[in-house]
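Structure record follows, encoded as structure tokens.
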Amino acid sequence: SQARAAAASGRSEKPLKAAFSNAGLQATWCAQGKAAAEYWGKLFNVEVTWFDGELDAVKQRAAIDNMASQKWDFVAIQAFGIGTLVQPVQKMIDAGIPVIDMDTLIAPLDKINVHSFLAPDNEFMGSSVTQALITAIGGKGKVITTQGALGHTGAQGRNRGFESIVKQHPDIEVLENQPADWDVTKVARLWETYLTKYPQIDAAYFHNDDMALAAYNVMKAHNRTNIKIGGCDAMPPAIAAVAEGRMHATVRNPSCRIHGGAIVAGVAAVTGGEKSGEGIPKSVVTDGPVVTKENASGMQWMEDHFLI
Amino acid sequence: MTIPVQEAVKGSPSRAGAFLRNRMRNIAPFATLIILLAFFSIASPSFLSVDNGVNVLTQISVTGVIAVGLTFVILCAEIDLSVAAIANATGIAVAYFTMQESYVNIPNLPLPGYAAIGLALLICAFLGLVNAFGTTLIGIPSFIMTLAMMQIGAGICALLVRGQIAYAVPDLVTMMGSGTIAGFPWIIIVLGVFLLAGHIVLTYTRFGRYVYMVGGNREAAEYSGVNVKMVLGAVMVISAVCSGVAGMIGVAHFGSAQQNEFDGYLLDAIAAVVVGGTSLFGGRGGIGNTIIGLCILGVLNNGLDHVQIDSFLKILIRGIILLVALIINVYVQNLRDRQRI
Amino acid sequence: MTIPVQEAVKGSPSRAGAFLRNRMRNIAPFATLIILLAFFSIASPSFLSVDNGVNVLTQISVTGVIAVGLTFVILCAEIDLSVAAIANATGIAVAYFTMQESYVNIPNLPLPGYAAIGLALLICAFLGLVNAFGTTLIGIPSFIMTLAMMQIGAGICALLVRGQIAYAVPDLVTMMGSGTIAGFPWIIIVLGVFLLAGHIVLTYTRFGRYVYMVGGNREAAEYSGVNVKMVLGAVMVISAVCSGVAGMIGVAHFGSAQQNEFDGYLLDAIAAVVVGGTSLFGGRGGIGNTIIGLCILGVLNNGLDHVQIDSFLKILIRGIILLVALIINVYVQNLRDRQRI
Amino acid sequence: MDGISKSFGGVVALHDVDFVLRAGEIHGLVGENGAGKSTLMKIIAGVHAEYNGRMFIDGEQVHFRSARDALAAGIGMVHQELSVVPDLTVAENVFLGKQPTKAGLIDWSGMVAAAREQLANLGIEVDPRASMGSLSIGLQQLVELARVLFSGARIIILDEPTSALSPPEVHRLFEVLRGVRASGRSIVFISHFLDDILSVSDRVTIFRNGRRVVTEAAALIDKGWVIERMIGSGHEELEESYTGAIALNSKSAAPVILSARHLAVGRAFADVSLDARAGEILGIYGFMGCGQIELARTLFGKLKPSTGTLAIEGAAKRFRNTAHARRAGIAFVPESRRSMLFYQEPVYKNVSISVLGRISRLWLKPAAERQIASRHVELLNIRPSNVLALLASLSGGNQQKVALAKWLTYIPKVLILSEPTRGMDVGAKDDVVKIVRALRNQGLAVIVVSAEPETVLSLADRIIVMKKGRIVHEFAGETISKDRLLDAA
Ligand SMILES: Nc1ncnc2c1ncn2[C@@H]1O[C@H](COP(=O)(O)OP(=O)(O)OP(=O)(O)O)[C@@H](O)[C@H]1O
Ligand SMILES: Nc1ncnc2c1ncn2[C@@H]1O[C@H](COP(=O)(O)OP(=O)(O)OP(=O)(O)O)[C@@H](O)[C@H]1O
Ligand SMILES: [Mg+2]
Ligand SMILES: [Mg+2]
């Protein structure tokens, strides 16, 4: 009966071993994901072993090589460098290990047959926050976007989303769209320049919250806190900033949903025999909502319990 | 008796030569700076303004404080590759010892502000001591010793901050890093104080002269009774402490403490010292050169933000301008050295 | 005139001394390697297996090919900080000249496979020549010259790949990087060939002797009529070409070419050469040392993935082990040097 | 000092040496190369901290761990190798390590004034604010002397302080030394110039093979006596070549091998024209810093001439580098061993390096290298004779011979020797003279560049005198003496 209860809840009866790897635990988003995976792992009787990518394609490849030479019930991977992990991942797939791809493509989906791909729609994230910002400034004004690393697919998607919305508003003028490579020191440098260069800036969109908060710091130092700031990821510090009005909005990139979902999908594949494409779609979009003052505290609560 | 005429004749050209030589070391970087300033002023209407001047100064502040310490090290013909890592570790440490908001999920150890600052300074001084110990007592080349320390610094960062971002630092640090006094950023004043102190120590104290002696001719320094190992050890500690201070005000300036935040400062600080004209072979240069080097780097970085160029091209352009500055710099110095023969 | 007996006695101890000395240089790193191997074999059941051995060898292949070139440079008492950037640029270049899938959105320039490889090799050789030109003819210290080249390499990467990722490389490169022969990875064979060739050139050719002599005493080499600048220039080009080859097989091995992909190789390659026991002051060491250094790095990186440690602690532990390996290495060498005096 | 022993690895540098230095004396120290003079002095000056035996100052036992300890005890030393900091000013070099301070800060103007005064005491007039590196080597040596002489040290050790000085400068130095002695301080003076030693010292100690042979009052002995004890057997004919009148055996009809016309390099020298002939030794003499060293380097392609032409056997050459000059048939031995030898390598690699291209094209042939090296080791009487021995384990004189051996495998067309006997003892000098003469007799054009009149006189068949970077006189086919040579310079 206990077994049936477990099966009903999706929990595995015998302890499973899973290997996880994400881009680099230096990133808060990844660190939150790790915590979520471990939390959901405990609930589902999965022992999670972590292989840190250290935000370095080569290091992650070596880590995944080492992962592939050990035995796992299932694995979940967020690639730092797209395409760099194909060989060892293919080796694990060939060995019959379900591989769940998180957030970033391991390789274009036609090149590698992962069990499922759980990821947010970056274009949607970019467009929804941009829309929130433009609405807040009344549909017209001058905006600046600060991009992540140009080579980052997430940043590319967010920028597409941003541009698609801006295009619909002829009264919006984009002053700058330079990349800051996720680097808060570059953000500070860029924004010090922008604030002296442009007497009027109405809104600013950043490809992640860290950069947004760093820029806010510069705006405060220049007494220019009237700029509406939009971020991306909705990490706890940003939720607090939104709640306090330092930031106007951010959009949730649901780290917990993705990492927890990987646990659920993995356990289902192993214990329930759930097949890719039947039990679970090849690709799952895990979008999160825009976070503004109204829903900020609820969002925080969900994150506290690894729900989103 | 006076020495034969031949020598006396030499005196005057060599005096003029020495003058010109010292000038040349400064003229080439200075000319580079002027050219960059002129170029960006023409290329962008927003570049030349008081506000942007303050921006450039703010932007070089953290690099500058690191570069002061690095100038000591390079004058001794050593190198410190751990400056950025130590800055990062110290910045994270001071945040670690400060009460963070509840949403920052680090098991940290809140202490009163001054205790946090003191402890952070102790940590960077300790890391500097390890560098000093490795290079002087064990005899590991500084290049390698500080490379290892760079990894250790990164490890400390990872361990303390555990993938999170910390925001709060002690008030004093916040003021120094992001506060203003009568509208003028404190961080520039901090930079000024460090530059001045560095200059005074190097030019007007025996220790400073020992630094030049050790860099210029280590054996001669030793024979004249200078405790070479102590000087070398001291510069490593000075460099680490400067980096630590830079890391603290940097964290306050950028408003957050996180891993790898200062990685870019290593190359910038080295480039500032060297582009300014301080010789990597030791014994020549000084804080004056570092100031010029800092300005060159600052203007270059800031100026490139003001002009509209393909973002992908920017990295290459920056690299090429740096290289050209170096080539001119070294070439002019060599030209002069050759004339001296 | 005959020289007194005392002199005649000298021969034998110094001969034995030389023998022991060469041994010691190798014994310390070797012991480090054995200790690491023993430790990880005990700490993790999955570490000691043929499969994992192949893993380690595969993982050091790219670093290893870079390290071969770097060994030449370091034996000459120079340094090349641009190896990783040149590797990256060459890898990207070879992909740039290869037909990419339609979803790769780069305005690239497809050429036949051999032409692409040839062009990529030309590019890295050219970048090496620029390094050579700067260090020998202009006289920029290699440390700084290659620092600038590192930025330029990164700039080339950015410009060619424009934030995209390229996947296809010529078949030959694909085979070398990710193919196997009778189940054994080609990439390890490539590494073996480079190591062997490096060893033969350094030990058995006239050029190799010049490398050691230039590193041992540059002035003396020059006064013996050795074309020092040519030797220095040649090692810079060799280093760049090795890096270029490493970059190409690396791109094939990892299956994609993108910006900053190889950044981590710089420190790893330097660490491998130096931990292996090749002196940064030039003239001592060789490929044998580099092999041991590579194995130490490879085992350390691989082994840490096999044992269960807090991920955040791993970086620190790696740094500390590296430092300890260095300390032992240098300490043992010094001990021996002191005994000789 | 009592029963001092010191060894470097297997090499015994000092063997049970007793040495007494009295207050208010100038103590001369002589001995062959490698006899252990410098080693003993470095022990006194705290450079070598590990040794056996005991050392007393004023009856109190001391053991210095560093140069700092020794300085604190009032011991100052001018080392055999110039140790100055070229990038600092002259004033700072005078006060190296003890820059005067005022209220904790360096007193720059006070230092300059004090330096000017001290230098004037040595008869030097240079601007103390000039950078040290801009001075000639001779002046730099004088500045270093000033530093130690006026440092207030009670015991002053001078290890071959006059190697780069011209005769008037040496003369002036001796006056100062006598003044120092008069103030009750003690001086140890090491030199290979026996005349100097005998004229300035109160007592002389002779070293041989790391042992003290004898100590005697200078007034009671003469040069022959000293040489006998230095070397073991009489070498009287040696000294003859240095005194008296010497007939120059110039061969003005011999074919010109190397010819220079209106050569100039920067500020070093200008308008130098000379011909080096087959089978003739051309001596170039001039005071230190008159441009002769730069001239030698220019002939070997190390420096590039700013104007002028060079021709080898009539064919015009512009050397791109030293390798180019080597291929054109020029061989060069620089004045400093350090810049010629590979200390961490065995002897045979040191010998073969400059002829490697002739021994092997691509692949090394170590057996052939060793064979060639063995031949030279025998020929030049180099000890130890084991070509696998590390160069660092050889004594200075033997190292110098290795430097010469490099060029003897395939005889070059032109052999340029810069200060070939600097710092050599009389025995080794004699060896070198014989070797060089033998080479000349084989038809080589030899150029000997030196600031020591003895060296030039003992070797040259024709002598060019340089002054302030220009050729001022040429002696050919006549009889010459040291006086006339010095007069010309
Ligand atoms: N002086 C040198 N310095 C460095 N490398 C050299 C030198 N000479 C030769 N090589 C190397 O050896 C190869 C053959 O050189 P080359 O024909 O110049 O021989 P060589 O040294 O001039 O011999 P020889 O002494 O017979 O003139 C060159 O391509 C180069 O790699
Ligand atoms: N640092 C050292 N390492 C090894 N051997 C040394 C060292 N210094 C001196 N020696 C050896 O010690 C012996 C004595 O050398 P020392 O320099 O004292 O001779 P010296 O009398 O000063 O000779 P010279 O007249 O050539 O200066 C020599 O055999 C020399 O090779
Ligand atoms: Mg001596
Ligand atoms: Mg040839």
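Per chain, numbering begins at 1; letters A, B, ... match sequence-line order. These values consider heavy atoms only, across backbone and side chains, with no hydrogens, waters or symmetry-generated copies.
When A/T196, A/N223, A/T185 are compared by the number of non-hydrogen pairs under 4.5 Å with chain B, A/T185 comes out ahead. Put simply, of A/P237, A/A31, A/P236, the one with the most heavy-atom pairs under 4.5 Å next to chain B is A/P237. Per-residue heavy-atom pair counts under 4.5 Å with chain A were compared for B/Q259, B/Q258, B/E261, B/R162, and the maximum is reached by B/Q259. In terms of non-hydrogen atom pairs under 4.5 Å with chain A, the most contact-rich of B/V56, B/N52, B/I165, B/D263 is B/I165. For the set A/M235, A/Q26, A/Q300, A/E303, the count of heavy-atom pairs under 4.5 angstrom toward chain B peaks at A/Q26. Counting heavy-atom pairs closer than 4.5 Å to chain B, the top residue among A/R189, A/K197, A/K34 is A/R189.
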Original post:
Can A/T250 and A/V129 be said to form a side chain to side chain contact (heavy atoms under 4.5 Å, CB included), step by step?
Top reply: CA-CA 6 Å; A/T250 179; A/V129 174; 5.6 Å; no

Original post:
So B/D268 and B/T63, side-chain hydrogen bond (donor to acceptor under 3.5 Å, both in side chains) or not? Walk me through it.
Top reply: CA-CA 7 Å; B/D268 270 17; B/T63 330; 4.9 Å; no

Subject >> Stepwise side chain to side chain contact (heavy atoms under 4.5 Å, CB included) check, B/D171 with B/M175 >> reply: CA-CA 6 Å; B/D171 291 342; B/M175 186 175 83; over 6 Å; no

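In this structure a side-chain-to-backbone donor-acceptor pair under 3.5 Å is present from A/T130 to A/G126.
Remark: A/K228 does not engage A/D202 in a salt bridge, criterion side-chain N to carboxylate O under 4.0 Å.
The part of A/L213 that comes within reach of chain B is its side chain, from C-beta onward, which places non-hydrogen atoms under 4.5 angstrom from that chain. With a threshold of 4.5 angstrom between heavy atoms, B/Y167 approaches chain A through side-chain atoms but not through N, CA, C or O. The contact between A/A214 and chain B is made by backbone and side chain atoms together, counting heavy-atom distances below 4.5 Å.
Side-chain contact between A/D181 and A/H152: absent, with no pair of heavy atoms (C-beta onward) separated by less than 4.5 Å. Within the 4.5 Å cutoff, no side-chain heavy atoms of B/I60 are placed close to those of B/L297. In this structure the side chain of A/I263 reaches within 4.5 angstrom of the side chain of A/V48, judged on heavy atoms.
A/R158 and A/N208 are not linked by any side-chain donor-acceptor pair at a separation below 3.5 angstrom, with hydrogens and angles left out of the test.
Not counting sequence neighbours, the partners of A/Y194 by the ring pair (Phe, Tyr, Trp, His ring centres under 6.0 Å) test are A/W191.
Residue-level contacts of residues 249-257 of chain B with chain A, in order of numbering, are B/A252, B/H253, B/F254, B/G255, B/S256; threshold 4.5 Å between heavy atoms.
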